[in-house]
Amino acid sequence: MIELSPTGAFGVLRLPLEQGETRLSAIAPPRITAIAPYPGQMNALSRRLGAFPAPGEVHDGQLRLVWSGREMAFAFGEGLPEGLEDFAALCDQSDAWAGLALVGQDAQAVLARLVALDLRALAAPSSARALMGHLPLLLIKESDTRFDLWTFRSMADSLVHEMEAAMRGVAARRAIS
Amino acid sequence: MRRRATGGSALDRGRKLGFRFAAQRMEGFAGDTLASALLANGVRLMGRSFKYHRPRGVLTAGSEEPNALVEVRRDGQFHPNIRATLQDLHPGLEARAQNCWPSLRRDVMAVNDLLSPFLGAGFYYKTFMWPRAFWEGLYEPLIRRAAGLGRLPGSHDNSLHERAFAFCDLLVIGAGPTGLMAALMAGRTGADVILAEEDRQMGGRLLGDNGQIDGVPAAAWVKAVRAELASLPNVRLMPRTSIFGAYDGGVFGALERVAQHLAEPGLTPRECYWRIAARRAILASGALERPIAHPGNDRPGVMLLSAVASYWHRWAVDPGRVVVFGNNDHALATARRLAAEGMRIVSYIDPREDLVASDTGFPLRSGAEVVATRGRHELREVTIRAKGREHRIVCDTLALSGGWNPTLALACHHGMRPVWDEGLATFVPRPGMVPGLEPAGAARGRFSTAACLADGMQAARDALAELGRTPPDMPVPEAEDGGYALRPLWEVRAPGRAWLDFANDVTTKDVALAAQEGYASVEHMKRYTTQGMAPDQGKSSNMGALAVLADVTGGTIPETGTTTFRPPFVPVSIGTLGAGARGKGFRPERRTTSDAQARALGAPMIEAGLWYRPAYFPRPGDADWRAACNREVGFVRNAVGVCDVSTLGKIAVQGPDAGRFLDLVYTGTMSRLTPCRVRYGLMLREDGHVMDDGTCARLGAQDFLVTTTTAAASEVMRHLDFVQQAFCSDWQLRFASVTEHWAQMAIAGPLAGELLGHVLGDVPDLPFMGCQPVQIGDVAGRLFRISFSGERGYELAVPADFGADLFRHLVALAEGLGGGSYGMEALNVLRIEKGFVTHAEIDGRVTAFDLGLQAMVSGKKDCIGKVMSQREGLCGPERLQIVGLRPTDANAEIHAGAHLYPMRAAAKAAHGQGHVTSACYSPTLATWLGLALVVNGRARHGETLRLVDGLRGQRMEVTLCDPVFFDPDGGRMRD
Amino acid sequence: MHLPCPCCGWRDLREFTCIGAADHLHRPVPDAPPEAWHDYLHNRANPAGEGRDLWYHDPCGTWLVASRNTLTHAVHGSTGLEDAR
């Protein structure tokens, strides 16, 4: 019998990064459970969870529930109520996603380089699915100066590369203005 | 700076800047453009023309400049075709003229000008026709050398480029009087406004205007409005930004020049490509003055009157003795104003006979035209003709004003045509040509300052109403409201060449020649003469060329029509359009959890979609890659091999109706699969062809795990989403991709069970095509007994956090058993030996029948693609069917892509019997092998065909056989 | 160009994949005549003007039917598939 030790998604990458007015850091991975209510079971599921997020919504309670796609939410954290299986498909996604927090005055300006998303329209907190070039993205707006960006674990390196290039450009512009 | 007068609203006279042009050191001030600094230094010859290499100077003061295109050098690189009018001066700027050798003043290619009688419109079409043998060897290189403005740098463009997205309620294009008023009114309502201005400074024509607005000088008014706009958090000012295209749904392309004006740009991007999504937009792009086509109108020193005024006001460039040649009241008023300000206007020439004016401060010649100019490299004198008599006037500058054209290109980007305005003698846009974009001010022919201010406000009011906002109460500022009467003058008829398109060297005679030779439609004329096809896209020549064409063909201008306006409105470099998509930014890289280990072992990585996978693991002493591949095949056939197969798509399908759903998407009946069992599955497209293959494991009663091939994972996901949402959205099931959550390793070979015993504590008792949960210490994993190699095989999955460590353990254990890791090359050999198909065979054109898998299409139920898979033409002896190939000579190399023909037939498409889809050298069978799709192949085992590999020039004899070369009854993987 | 996703609202064109006319929603029964299957799969009116076509919003996984005009490129709106048939 062997024993396995874990390796994080950003194992070899130099994080956190700072450029001008923004800072990029890895988010300590929480347990992530995808919850997909079966047709007609939304109300029953909502009763057990307290609420189920509509598109774009983030609910903060004992668990954080983040809308993460069509008919699906991610529960961030431990302590999912028992017996949800009757109402929804549950799926462990804890190791599937890699998250970065982008914090700072220029966070929106940096994201405007990367995502074709109208960030003005987003409430805080809220979530959106989008593409960063070809990178799939789950974006969570925490505030005007903090955005969490989640992508597939296998693309963590590419996400950092894209973010760093955009941060560098924005910081350089700030330096000349 | 011998041509510098006092003043200059754009200049910071406290900061002198040194720069170089054509290897000469010069000085300018901060705030200069390269063009203004050169003029101030007395340099008027700035470039050579494209075709005849004629000396050319700057014509305009804006982005429409056709002549003053230069190379700007920086850090050993250079950028061609930079307009000197848009290049801000910075310390150390180094610019060179284009299209000249050895120098700007002595250019040997100027000999072309002497040959011009032979080089007119259509020269290339007529000359390079025959003999045919000269096309490739002689004519093409000749044409290539002559083609193109400027030259390519020949090295990679290492400058940084950026792309960005912006969203707003209102985009205002242009910050002249119209745009400023529109932005101000909308900004005061709190709407999100973007004000984009091509120039470095906001103000547009007001920057070159000494008039008054609301009782203050125009410049002061601009400053106050700009300050208020800058103070509004909802208004974004974007100077140095050209809107170059109007696209669907309110999206505009914009080019921002970010660092081109900086001496030390550092990491600042050179340019930024913006995509601006605006709910409404106002086109306040103003108007461009047009030149007059008279003989010799291309001599350096001939400029547009508006440019002379701009250089005078903004950059204090003294044009010397000026002759103004205009045909309109605005030109006369401008000349008066400039004279009053001290400019030396020596004569005003106007073709209108009835023109009377007093107290002008300069001689006014009505009923007169300029018929010639003189001066070797720059203008020395002009010849005018009045009442049939000619005489000469010595001067330094000839300022032309042929009237004004609204800058309406963006309004035409959706394909609508503008309408002719007889009074203004120009085309004007109609409302609604681009949904959501409304032209205002000079861009729709409202030329006076007062009219622009009022029109900007009205456009803002209309846009705000559409946006559901109430416009604030604002008075229209008071300003100049002069009339603009003109008599069109398109062409001065006199001996000599009168230029229309300066950038492409097109004269009035070329247009006439085109019409005479049958190219009389405007689109044909354009292509025959190349008028309007240079980087300036005919901004200063289209109207004139059209008018000359109308005259020659006897039609009116509106009858003749315009050519099509297409994006981009200003040149955009490819580097900017592709911003960010270079190197690692080209596309994302997907890396498995074992990626770093594979690279550390020296494995060359190959791309599979976005994924990177090891090709093979080299060892010292390997003769070539095949030595490594053969060794790794041996691991699996003789001991045990380990391979990371995490890249295969994994989809969890859950719910009471999960089995029913899988029955619909798979050809087989997955609902009857017992728990803890795995089945091979085939998915079809609805048109009957195979989409993908993979396995389907039943983990629990309502819990399935579907695998897809690496390449087709996203296509399959999209397909499943479609089937579910379109046909069974009320069924009780959900599915989700879990590809990224699990790291999955294949363990294959006779010793695979023994290796697993070391991993799990004991050898699992799992039958072929079984699956079960497993525990590795605290880590919960999954074990599948499946084989893609034909040997006893397992796939062990653990959460991705543990993937790297699992791979490390497995490789070490395998090596201890005489095996090791294997890469894609060995994986490919192993599966070819077993006749297993991949997307090399499933190429989108094959059916289950072609693959010999028709028995997998259940007859007892419907599934996607079933009906069509059984239609005539998709199954039968005429189909290309999968077969194995063995060369008669075991050492003859087969490669995929080779074609097969009957032994005695010629290698022609008509005789084609099929093609090779996959091939390899099999160390197990000591021969080359191939898989092929061959007409009626299953019935032809044993037949010999001729293989022809046209690419490699190979021909050989091959024999068709069953595609399963090795262990045909499958005992090795089952036992 | 932007399209409205029933889940995510108006989004940039680059997030979508189009597979053609919404006719593809009307799957014939298995024993329908071949003509019905060919109409379902291949025969398209391809109108110049108003039309309805199928798009996939890749980021969220929603299929939609967009109503738009192929002459003017105007996009009028969209519905999810459950409301489209």
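Letters A, B, ... mirror the listed sequences (proteins, then strands); counts begin at 1. Hydrogens, waters and symmetry mates play no part in the numbers below; they use all other heavy atoms, side chains included.
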If one checks every heavy atom of A:A34 against chain B at 4.5 Å, the contacting part turns out to be neither

Counting neighbours of CG on B:D778 that are heavy atoms of other residues, nucleotides or ligands and sit closer than 6.0 Å, is the number greater than 12? no

B:E589 side-chain N/O to A:S158 backbone N/O, donor-acceptor pair under 3.5 Å: no

Between the side chain of B:E162 and the main-chain N/O of A:R113, is any donor-acceptor distance below 3.5 Å?
-> no

Looking only at B:G761, B:A164, B:P588, the option with the highest number of non-hydrogen pairs under 4.5 Å against chain A is B:P588

Bottom line for A:A112: the part with an atom under 4.5 Å from chain B's heavy atoms is both

Are the side chains of A:I2 and B:L813 in contact, using a 4.5 Å heavy-atom criterion?
yes

When every non-hydrogen atom of B:A736 is compared with those of A:Q93, the smallest separation belongs to CB-NE2, 4.2 Å

Among B:A259, B:G777, B:A579, B:A800, the residue with the most heavy-atom pairs under 4.5 Å to chain A is B:A800

What one should report as the nearest heavy-atom pair of A:D157 and B:K584 is OD2-NZ, 3.4 Å

Honestly, the part of B:Y612 sitting under 4.5 Å from a heavy atom of chain A is neither

Here the gap from B:C168 atom SG to A:R120 atom CZ, rounded to the nearest 0.5 Å, amounts to 7.0 Å

Bottom line for A:L111: the part with an atom under 4.5 Å from chain B's heavy atoms is neither

Between the CG atom in A:D118 and the CZ atom in B:F165, the distance rounded to the nearest 0.5 Å is 12.5 Å

inquiry  = Keeping B:D801 on the side-chain end and A:D95 on the backbone end, is there a donor-acceptor pair under 3.5 Å?
reply    = no

When the 4.5 angstrom heavy-atom criterion is applied to B:L806 and chain A, the contacting part is both

Turns out that what part of B:T268 lies under 4.5 Å from chain A's heavy atoms comes down to both

*asked:* For A:Q62, I'd like to know if atom CD has over 12 heavy atoms of other residues, nucleotides or ligands within 6.0 Å.
replied: no

Okay, B:H809 and chain A: the region with an atom under 4.5 Å from a heavy atom over there is side chain

Okay, B:W731 and chain A: the region with an atom under 4.5 Å from a heavy atom over there is backbone

By residue number, those in residues 645-655 of chain B with heavy atoms under 4.5 Å from heavy atoms of chain A are B:A652, B:Q654, B:G655

Taking every heavy atom of B:S729 against every heavy atom of A:P39, the minimum-distance pair comes out as O-CG, 3.4 Å

Here the gap from B:R587 atom CZ to A:L135 atom CG, rounded to the nearest 0.5 Å, amounts to 12.5 Å

Of all heavy-atom pairs linking A:I176 and B:V258, the shortest is CD1-O, 4.3 Å

When rounded to the nearest 0.5 Å, the distance separating CD of B:Q732 from CZ of A:F87 is 11.0 Å

OG (A:S94) and CD (B:E740) are apart, to the nearest 0.5 Å, by 13.5 Å

The interface call for A:L117 against chain B, heavy-atom contacts under 4.5 Å, is backbone

In short, B:R734 meets A:P37 closest at the heavy-atom pair NE-O, 2.7 Å

Whatever's closer than 4.5 Å to a heavy atom in chain A on B:L610 counts as side chain

Note: vs chain B, highest number of non-hydrogen pairs under 4.5 angstrom among A:A89, A:A116, A:A36 is A:A116

Given A:E3, A:Q41, A:R70, A:M72, the one with more heavy-atom pairs under 4.5 angstrom with chain B than any other is A:R70

In terms of heavy-atom contacts, A:E162 and B:G585 come closest through OE2-CA, 3.6 Å

Discussion item. I want to check something: taking the side chain as every heavy atom from C-beta on, are A:R153 and B:T593 in contact at a cut-off of under 4.5 Å?
Written reply: yes

Within the 4.5 Å heavy-atom criterion, are B:L760 and A:M1 side-chain neighbours or not?
no

Residues 114-163 of chain A vs ring-ring contact (aromatic ring centres under 6.0 Å, His included), sequence neighbours excluded, gives A:F76-A:W150, A:W97-A:F152

Whatever's closer than 4.5 Å to a heavy atom in chain B on A:D92 counts as both

CH2 (B:W611) and CE (A:M155) are apart, to the nearest 0.5 Å, by 7.5 Å

So, the part of B:V738 with a heavy atom under 4.5 Å from chain A: the answer is both

